[in-house]
Colleague: 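Have a look at this one before I ask anything.
Here, residue 1 is the first one in the sequence, and each next residue gets the next number. When reading the values below, keep in mind they use all heavy atoms of this one structure, side chains included, and skip hydrogens, waters and symmetry mates.
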Amino acid sequence: MALNNSYDARLVQQETAVGAGVQVLLLVLLGTAIGMGPAGWLTGLAFAIATWAVLSRALHRSRLRSFGAANRVTLGRAILVGGVTALVADSFQDSPPVTLFVGLTAVALILDGVDGKVARRTGTSTPLGARFDMEVDAFLILVLSVYVSMAMGPWVLLIGGMRYAFVAAARVWPWLNAALPPSTARKAVAALQGVLLLVAGANLLPHLVNVGVAALALGLLVWSFGRDVLWLWRTSRVWPAPVERPVRELVAR
């Protein structure tokens, strides 16, 4: 039995290594296609290494016997997000081709609705998978907000930084760690962030319209977080703060 567990563990870790290899291959293709500079290369490679290291450690701690189809889809999205991250880092010197930037981001956003369906249909939903999905989504929003902020100003960074600010605040105020009730509105707002930022970042509309789209994204996010924080605060007045932190449902499967 111990040999079987060890073998399964190696297979799971091999999948993360393959993901890192595919990420490097994507960077090579992007570099060949657009002549990516050092900033893009270094950022893309850093993303690949960090993703591999963090995911490998999480898989080791969770002791999953198989990686699962849903996690493979999420890993594919992470690879695309790594490509988008490299393009955004490279854009500080040269603007990436709009079609390439929009294409990679759009596919990553579309696949966001696939991994959850795969997990539910195959009965392979896990806390690790939900967290992996959430972190990929959150990082993509952060990267897109950085890209859009270069044309519209630093206020757009509030969109990408809000989730990370919430996590930091939860370390100071433990009542923010409580689980939230399911909310269709929360899921819709989370899903719209990437779409609205992509529309604004594609720069296909007049500048004022793009600013309005980004402002709409920020307004919806402030409303969603504000509503949740108010609910958590009111709940904390009645029930004591939890001892263990659950996986927060920002982008649930």
Colleague: Val54: which residues meet the side chain to side chain contact (heavy atoms under 4.5 Å, CB included) condition with it, sequence neighbours left out?
Modeller: none

Colleague: Going by side-chain hydrogen bond (donor to acceptor under 3.5 Å, both in side chains), name the pairs with one or both residues in residues 32-43, residues two or more places apart or in two chains.
Modeller: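 Residue pairs passing side-chain hydrogen bond (donor to acceptor under 3.5 Å, both in side chains), neighbours aside: none found.
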
Colleague: Can you check whether Leu221's main-chain N or O pairs, donor with acceptor, with Ser224's side chain at less than 3.5 Å?
Modeller: no

Colleague: Return a table of donor-acceptor pairs under 3.5 angstrom between the side chains of residues 196-213 and protein atoms on other chains or two or more places apart.
Modeller:
| residue | atom | partner | partner atom | Å |
| --- | --- | --- | --- | --- |
| Asn203 | OD1 | Asn210 | ND2 | 3.3 |
| Asn210 | ND2 | Leu205 | O | 3.0 |

Colleague: Only counting residues at least two apart or in another chain, list the ones meeting side-chain hydrogen bond (donor to acceptor under 3.5 Å, both in side chains) with Arg72.
Modeller: Glu15

Colleague: Applying the 4.5 Å side-chain criterion to the ILVMFWY set and letting contacts propagate, would Val136 and Ile49 be lumped into a single cluster?
Modeller: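 Per the 4.5 Å side-chain linkage, Val136 and Ile49 are not co-clustered.
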
Colleague: If you round to the nearest 0.5 Å, how far is CH2 of Trp223 from CZ of Arg186?
Modeller: 9.5 Å

Colleague: So, using side chain to side chain contact (heavy atoms under 4.5 Å, CB included) as the criterion, who are the partners of Ala165 when residues are at least two apart?
Modeller: none

Colleague: Do Asp133 and Arg77 touch side chain to side chain, with heavy atoms closer than 4.5 Å?
Modeller: yes

Colleague: Going by the rule side-chain hydrogen bond (donor to acceptor under 3.5 Å, both in side chains), which residues pair with Arg57 if we only count those two or more places apart in sequence or in a different chain?
Modeller: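 Listed in chain order: nothing, the list is empty.
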
Colleague: Do the side chains of Val229 and Phe166 get nearer than 4.5 Å, heavy atoms only?
Modeller: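 Phe166 vs Val229: side chains touch.
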
Colleague: Counting only heavy atoms not in Trp233 (residues, nucleotides, ligands), do more than 12 fall under 6.0 Å from its CH2?
Modeller: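 Not buried by this count: 12 neighbours or fewer within 6.0 Å.
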
Colleague: Let me have the donor-acceptor pairs involving side chains of residues 148-161, under 3.5 Å, with sequence neighbours excluded, atom names and distances please.
Modeller:
| residue | atom | partner | partner atom | Å |
| --- | --- | --- | --- | --- |
| Ser149 | OG | Ser145 | O | 3.3 |
| Ser149 | OG | Val146 | O | 2.6 |
| Trp155 | NE1 | Met152 | O | 2.9 |

Colleague: Enter the distance from Leu140:CG to Asp112:CG here, rounded to the nearest 0.5 Å.
Modeller: 8.5 Å

Colleague: Would you say that Phe47 contacts Trp52 through its side chain, given a criterion of any heavy-atom pair below 4.5 Å between the two side chains?
Modeller: no

Colleague: Ile141 pairs by side-chain contact (heavy atoms from CB on, under 4.5 Å) with which of Gln193, Arg163, Met162?
Modeller: Gln193

Colleague: How would you list, by chain and number, every residue that makes a side chain to side chain contact (heavy atoms under 4.5 Å, CB included) with Leu45, sequence neighbours excluded?
Modeller: Val24, Leu27

Colleague: State the CG-CZ distance between Leu232 and Arg227, to the nearest 0.5 angstrom.
Modeller: 11.0 Å

Colleague: Rounded at 0.5 Å granularity, tell me how far CD1 in Ile79 sits from OG1 in Thr74.
Modeller: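 Reported to 0.5 Å precision, the distance equals 11.0 Å.
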
Colleague: Does any pair with a residue in residues 17-26 pass side-chain hydrogen bond (donor to acceptor under 3.5 Å, both in side chains), and if so which ones, sequence neighbours excluded?
Modeller: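 Pairs touching residues 17-26 that pass the test: none.
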
Colleague: What about Leu75 and Leu29, same hydrophobic cluster or not, with Ile/Leu/Val/Met/Phe/Trp/Tyr joined at side-chain heavy-atom distances under 4.5 Å?
Modeller: no

Colleague: Could you list the residues that satisfy side chain to side chain contact (heavy atoms under 4.5 Å, CB included) with Val107, not counting sequence neighbours?
Modeller: Leu80, Leu111

Colleague: Once you round to the nearest 0.5 Å, how far does CZ of Phe132 lie from CG of Leu55?
Modeller: 4.5 Å

Colleague: Looking only at heavy atoms, what is the nearest atom pair of Ala179 and Trp231, with distance?
Modeller: O-CZ3, 3.6 Å

Colleague: Please determine whether residues Leu216 and Val222 belong to a single hydrophobic cluster, defined as Ile, Leu, Val, Met, Phe, Trp and Tyr linked transitively by side-chain heavy-atom distances below 4.5 Å.
Modeller: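 Per the 4.5 Å side-chain linkage, Leu216 and Val222 are co-clustered.
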
Colleague: Determine all donor-acceptor pairs shorter than 3.5 Å in which one atom belongs to a side chain in residues 81-105; sequence neighbours excluded.
Modeller:
| residue | atom | partner | partner atom | Å |
| --- | --- | --- | --- | --- |
| Thr85 | OG1 | Val81 | O | 2.7 |
| Asp90 | OD1 | Gly37 | N | 2.8 |
| Ser91 | OG | Val88 | O | 2.4 |
| Thr105 | OG1 | Phe101 | O | 2.9 |

Colleague: Looking at side-chain heavy atoms only, is the closest gap between Tyr147 and Leu142 below 4.5 Å?
Modeller: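 Of all side-chain heavy-atom pairs linking Leu142 with Tyr147, none is under 4.5 Å.
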
